[in-house]
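Here is the structure we will look at.
Just so you know, ligand 1 is whichever comes first in the structure, and atom 1 is the first atom listed for that ligand.
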Amino acid sequence: MSSNSWADVSESERAPSGGWGYSRPSRTNYVPPHLRSRTPSSEFAAPSPGNDRGGYGGPHSGYGGRGQGYAGRGGGGYSGRGGGGGGWNNRSGGWDRRDTETNPFGNDGNADPAVTEQENTVINFEAYEDIPIETSGDNVPPPVNTFAEIDLGEALNLNIQRCKYVKPTPVQRNAIPILAAGRDLMACAQTGSGKTAAFCFPIISGIMKDQNIERPRGVRGVYPFAVILSPTRELACQIHDEARKFSYQTGVKVVVAYGGTPVNQQIRELERGVDILVATPGRLNDLLERGRVSLQMVRFLALDEADRMLDMGFEPQIRKIVQQMDMPPPGARQTMLFSATFPREIQRLASDFLSNYIFLAVGRVGSSTD
Ligand SMILES: Nc1ncnc2c1ncn2[C@@H]1O[C@H](COP(=O)(O)OP(=O)(O)OP(=O)(O)O)[C@@H](O)[C@H]1O
């Protein structure tokens with residue numbers, strides 16, 4: 001279980017503070033969806049249970065896949081994307097949802113993130129000083145000491161400043177360069193260690209920079225580029241809240257779907273457009289079975305607190321989502337598995353879901369085996 005935090009985290013300090021009336025990034029390098037490389041139109045792929053990797057192929061023909069690293073895929077300079085297919089991203093009649101985006105940082109903050117000197121003190125960095133770090137795998141990218149060492153893109157860097165993250169936590173220092181290089185990752189880290197940013201930053205940056213990403217045209221459907229699976233509604237909402245801050249004014253849209261509430265409202269929200277879908281396994285299965293979501297455009301898959309999901313009995317749902325619907329196979333998507341412990345079931349999941357992955361352990365790993 002991953003309930004004990006090893007950095008001093010005060011719940012009262014977790015609330016976002018400040019707000020920013022900053023001016024929007026320029027659109028100089030924006031390439032409108034209709035001018036990008038086109039993929040053949042395809043019908044909305046109804047999920048085909050039991051058909052392993054069934055829907056993969058068509059719309060992925062132009063995808064460079066993993067291993068190339070984000071920097072190699074169109075460089076920086078991303079300035080927003082629209083919804084390529086089905087015209088779902090046109091609430092205000094245009095392509096850019098940033099015009100109507102609610103500021104997730106609140107309204108009473110500083111106009112310029114750069115002038116903020118305050119640091120986010122939720123994480124006690126002193127607790128990290130002697131923390132053991134272990135990595136294994138082929139060609140492990142070296143850790144970084146600052147966020148600026150990685151080309152995450154201007155809009156995301158501004159949001160990191162707005163969050164008042166001055167330096168990366170150990171899991172971020174190690175995981176972000178690995179993921180930014182396009183590698184699959186099995187990471188063992190405790191809750192409260194900054195995992196959310198560790199997987200969100202590379203996902204958001206990767207979606208921003210990947211000019212090959214385009215949804216099937218002329219088809220109504222919900223085609224997220226990234227799926228983040230989390231065990232509980234609370235955690236899913238927490239990830240959603242954080243991811244919305246990280247993706248503010250980037251053009252990347254994050255939507256959350258969880259069980260225990262009526263599905264129709266979530267379907268309506270999804271149909272307004274989604275790039276990153278944060279979901280609990282049961283609700284995502286439901287949406288897939290209803291044919292309301294297709295996973296065929298998924299480039300990034302993150303499983304957070306994987307050990308907890310297995311403890312809660314979600315393994316069949318997770319395997320169905322990842323292996324039996326229309327999600328691209330390992331190697332054609334980038335997969336990141338986060339878990340506080342590394343028992344045999346997680347090791348099996350890692351070998352089934354990940355491709356040539358890097359193993360990262362931050363801190364003491366409970367139930368660790370060789
Ligand atoms: N580099 C950083 N600098 C300062 N604060 C940070 C940094 N990274 C994350 N935080 C803050 O630390 C807290 C814990 O981070 P986060 O929620 O990402 O941890 P987590 O490991 O994902 O935990 P959980 O498993 O509960 O989701 C959050 O309030 C987050 O905003």
Which is closest to atom 11 (C) of ligand 1 in terms of heavy atoms, F199, F246, F201, Y165? Y165
Quick one: which of C200, P168, C163, S193 has a heavy atom closest to atom 21 (O) of ligand 1? S193
Give yes or no for whether the N/O distance cutoff of 3.5 Å, strictly under, is met between [X] and ligand 1.
X: K164; value: no
X: T196; value: yes
X: G192; value: yes
X: F147; value: no

Output the list of atoms in ligand 1 that are nearer than 4.0 Å to some heavy atom of [X], sorted by atom number.
X: E305; value: 25 (O)
X: E242; value: 30 (C), 31 (O)
X: K167; value: 1 (N), 2 (C), 3 (N)
X: Q238; value: 17 (O), 24 (P), 26 (O), 27 (O)

Heavy-atom distances under 4.0 Å decide this one: backbone, side chain, both or neither, for Q190 against ligand 1? backbone
Contact partition for L235 relative to ligand 1, non-hydrogen atoms under 4.0 Å: side chain
Roughly how far apart are [X] [atom1] and [Y] [atom2], rounded to 0.5 Å?
X: M309; Y: D307; atom1: CE; atom2: CG; value: 9.0 Å
X: T335; Y: L301; atom1: OG1; atom2: CG; value: 5.0 Å
X: Q323; Y: I318; atom1: CD; atom2: CD1; value: 10.5 Å

Can you say whether the rings of F147 and F201 are parallel (under 30°), tilted (30 to 60°) or perpendicular (over 60°)? perpendicular
Could you tell me which residues satisfy side chain to side chain contact (heavy atoms under 4.5 Å, CB included) with N139, sequence neighbours excluded, listed by chain and number? R183
So does D241 pair up with K245, basic N to acidic O under 4.0 Å? no
Run the side chain to side chain donor-acceptor pair (under 3.5 Å) test against Q317 and tell me which residues pass, sequence neighbours left out. none
Using modelled atom types only, decide if a donor and an acceptor are shared between the side chain of R283 and the backbone of T261 within a distance under 3.5 Å. yes
